[in-house]
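As a basis for the values below, the full set of heavy atoms in this structure was taken, side chains included, without hydrogen atoms, waters or symmetry mates. What you see is a predicted model; the values in this text were computed from it and never measured.
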Amino acid sequence: MADQLSMSQPEYLQRFYLVIANIPAGQVCTYGKVAEMAGYPRMARAVGRCLKQLPKDSRLPWFRVINAKGELSFPKGSDAYLRQRAHLEEEGVVFIGAKVRLKDYLWQGG
């Protein structure tokens, strides 16, 4: 986790990373909820940009962040989509079609 935090980064990125690092295995969080928990409501898109910039060898559980519809944001069938879905399924997250039931798997923090 320490490799993700750099004092040269904006504070909001550091806060996003901290929230994402705390999402428990087997649960998901939405981009908007990550932003809200980090203290930056309405910055859901910034969470997405932050995740796009992660190094390939990052240990941050980026794959636990999904959109507000309960879907993965990558194009269905793409390598990134399949990789994210596999990570989540390995942790016990169940998909119904292409969706995760947020009612069952959404992490609310705490």
Exercise. Shortest non-hydrogen contact from Gln84 to Ile66?
Worked result: NE2-CG2, 3.8 Å

Exercise. If every non-hydrogen atom of Ala44 is compared with every non-hydrogen atom of Tyr31, which pair is closest and at what distance?
Worked result: O-CB, 3.7 Å

Exercise. What heavy-atom pair brings Gly77 and Leu82 nearest, and what distance separates the two atoms?
Worked result: O-CD1, 3.6 Å

Seminar exercise, completed: All heavy atoms of Asn67 vs all of Ser73, minimum pair found to be CB-OG, 3.8 Å

Exercise. Side chains of Glu91 and Pro61: closer than 4.5 Å at any heavy-atom pair?
Worked result: no

Seminar exercise, completed: Distance col, row Arg15:CZ vs Cys50:SG, nearest 0.5 angstrom, shows 14.0 Å

Exercise. How many angstroms lie between atom CG of Asn22 and atom CE of Met37, to the nearest 0.5 angstrom?
Worked result: 9.0 Å

Problem set entry | Set of side-chain contact (heavy atoms from CB on, under 4.5 Å) partners for Ala98, sequence neighbours left out | Lys76, Tyr81

For this session: List the steps and the verdict of side-chain contact (heavy atoms from CB on, under 4.5 Å) for Tyr105 and Val94.
Result: CA-CA 9 Å; Tyr105 296 101; Val94 175; 3.3 Å; yes

Exercise. Does Lys33 offer a backbone N or O that forms a donor-acceptor pair with the side chain of Gln108 under 3.5 Å?
Worked result: no

For this session: Evaluate the side-chain proximity of Leu51 to Ile20: yes if any heavy-atom separation is below 4.5 Å, no if none is.
Result: yes

Exercise. With side chains defined as the heavy atoms from C-beta onward, is the minimum distance between Arg64 and Leu88 less than 4.5 Å?
Worked result: yes

Exercise. So Phe63 and His87, would you call those rings parallel, tilted or perpendicular, with 30° and 60° as cut-offs?
Worked result: parallel

Problem set entry | Leu60 side, atom CG; Ile23 side, atom CD1 - distance, nearest 0.5 Å | 8.0 Å

Seminar exercise, completed: d(Trp62 CH2, Lys52 NZ) to nearest 0.5 Å is 13.0 Å

Problem set entry | Arg49: partners by side-chain contact (heavy atoms from CB on, under 4.5 Å), with sequence neighbours left out | Arg45, Ala46

Problem set entry | Within-4.5 Å side-chain heavy-atom neighbours: Tyr40 and Val47 | no

Exercise. How close do Phe16 and Val34 get, heavy atom to heavy atom, and via which atoms?
Worked result: O-CG1, 4.2 Å

Problem set entry | Closest non-hydrogen atom pair, Ala68 against Thr30 | CA-CG2, 3.8 Å

